[in-house]
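For reference, the structure is listed below as structure tokens.
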Amino acid sequence: MSERHTPSPGSGPADEFGRDAVRLDEGHIEGTGGLPDRFENPGLPPHVARKADLDEKAAKRAEKQVVGLFTLSILATLGFIVAYFAFDPRQQVFVPFIGRMSASNLTLGLGMGLSLLGIGLGAVHWAKTLMPDEESVEMRHPMRSEDEAREGVAATFLNGAEASQLTRRPLLKAAAGTALGLFAVPPLLQVAGSLGPLPHDELSHTFWDGEKEGENKYAFTKPRLVRDPENTPIKATDVTIGSVYHVLPAGLLDLEHGVLEEKAKAAVLLIRLNPGDFADNELGRKALDWSHEGIVAYSKICTHVGCPVGLYEQTTHHLLCPCHQSTFDVTQDCKVIFGPAKRALPQLKITVDDEGYLIAEQPFKEAVGPSFWERG
Ligand code: FES
């Protein structure tokens, strides 16, 4: 039997705060209030058979429930596949408590979520109701099993397949197999979808080109520059030297659909330099020529892989991309002076209208964004 040792207060050496010290001594723990030094094995609780173990009707009912859950997963996966092809990612819907969001994202997310939920709940319910429910005790043994035991493992697997009733219940086997097999399709579609299609000339046309409705799809209308997200036009006289604005073409934020996609291509940084700060070379002169009295506008989309270039160092006039540290020199037409980007940021030529507001003098003359695409 276990032996208890309860020290009387103050019997052990006290620590600096006056507490009794804990000391290990031949299997006894002193100063812990008399914990036993060994415990009796409580053994396993008595086995309680489940309904499905005793009643074939209950087992059948459980099987139907599991099949139902796997069927839910199958339907959700099929819904995902249909939604993938049916919805234009730019199509927006209103969702209560959330607001406007992409119909494609909503249905794809719901499809994949329900699909996983069906498989998860089905597997748990199957395990709780139909799979073997025996407690077993396995003693520790050397890591490598005897040949006989290894053969036993193989036999256990076979017995497991039998005991899980896969072989006896073909409907359950078909439902589980189809749910798991189909579930491989959405990730494959996602991978295939994100590999393409190539943008072709999509990056050569932005909202700076003008209205996108009607026949005159890319008619140039000299849009005003507006602050993002305030959507207010900017007077050239309000832009002080050293200031930076995130700007968009007027009208973009008022679009009903596709604001995010258009914004991702048309985002521009507006910076004012002292005209004397521009480099005295061809690049510096071109940048100044396309500016309005030293106010320059450059695409904010990094030419490496498309992160937003958002860090401006006022003293050096460098623009930094936070993703891989590509650095662009604003005084030299945003030419790359460090990092993996291979192409300068495209400049937007700007001027002012009759009221002194900044407007685009012409659309971008080259494609914005990553430069590894086929540009044609
Ligand atoms: S995306 Fe800008 S450096 Fe890589």
Side-chain angles (χ1 to χ4, degrees), residues 89-90 102 104-105 190-209 225-229 239 242-249 252-253 258-273 277-279 281-284 286-288 290-291 295-350 360 363-376:
R90 286 167 292 191
S102 157
S104 171
N105 285 353
Q190 285 288 39
V191 170
S194 52
L195 288 177
L198 288 171
H200 301 294
D201 69 345
E202 275 285 307
L203 295 173
S204 301
H205 297 291
T206 70
F207 206 78
W208 293 104
D209 297 5
L225 280 62
V226 295
R227 294 176 183 85
D228 178 24
V239 184
S243 57
V244 182
Y245 291 82
H246 296 254
V247 299
L248 294 170
L252 192 157
L253 289 173
V259 170
L260 285 181
E261 289 80 358
E262 292 299 338
K263 206 173 161 182
K265 293 195 297 173
V268 155
L269 279 174
L270 189 78
I271 306 168
R272 183 159 205 166
L273 274 66
D277 288 336
F278 287 89
N281 59 23
E282 197 181 330
L283 292 175
K286 178 259 175 181
L288 184 58
W290 282 30
S291 78
I295 305 174
V296 284
Y298 282 93
S299 168
K300 192 179 161 187
I301 317 302
C302 184
T303 51
H304 179 218
V305 290
C307 287
V309 177
L311 306 172
Y312 177 59
E313 213 171 51
Q314 200 180 343
T315 46
T316 57
H317 308 300
H318 290 169
L319 270 174
L320 183 81
C321 176
C323 286
H324 314 102
Q325 281 71 53
S326 284
T327 308
F328 305 87
D329 184 354
V330 183
T331 68
Q332 296 194 71
D333 202 19
C334 275
K335 111 175 181 186
V336 183
I337 54 168
F338 180 79
K342 291 282 175 286
R343 196 168 62 95
L345 294 173
Q347 186 178 10
L348 185 71
K349 190 172 185 183
I350 56 172
F364 281 116
K365 282 294 172 197
E366 56 184 308
V368 297
S371 48
F372 55 82
W373 305 110
E374 280 279 334
R375 289 180 184 278

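First listed ligand is number 1; within each ligand, the first listed atom is number 1.
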Problem set entry | Heavy-atom check, side chain of Phe328 versus side chain of Ile337, under 4.5 Å | no
Problem set entry | Distance-only side-chain donor-acceptor flag, Asp333 / Tyr298, under 3.5 Å | yes
Problem set entry | Residue pair Trp290, Lys365: steps toward the side-chain contact (heavy atoms from CB on, under 4.5 Å) verdict | CA-CA 12 Å; Trp290 282 30; Lys365 282 294 172 197; 3.9 Å; yes
Exercise. Asn105: what forms a side chain to side chain contact (heavy atoms under 4.5 Å, CB included) with it, not counting sequence neighbours?
Worked result: Ser102
Exercise. Which protein atoms of type N, O or S are found under 2.8 Å from atom 2 (Fe) of ligand 1?
Worked result: Cys302 SG, Cys321 SG
Which atom pairs, one a donor and one an acceptor, fall under 3.5 Å between side chains of residues 300-310 and the rest of the protein, sequence neighbours left out?
unit_1, atom_1, unit_2, atom_2, d
Lys300, NZ, His246, ND1, 2.7
Thr303, OG1, Arg343, O, 2.6
His304, ND1, His324, ND1, 3.0

Exercise. Residues two or more places apart in sequence or in another chain: which of them pass side chain to side chain contact (heavy atoms under 4.5 Å, CB included) with Ile271?
Worked result: Val244, Leu273, Val296, Tyr312, Leu319, Val330
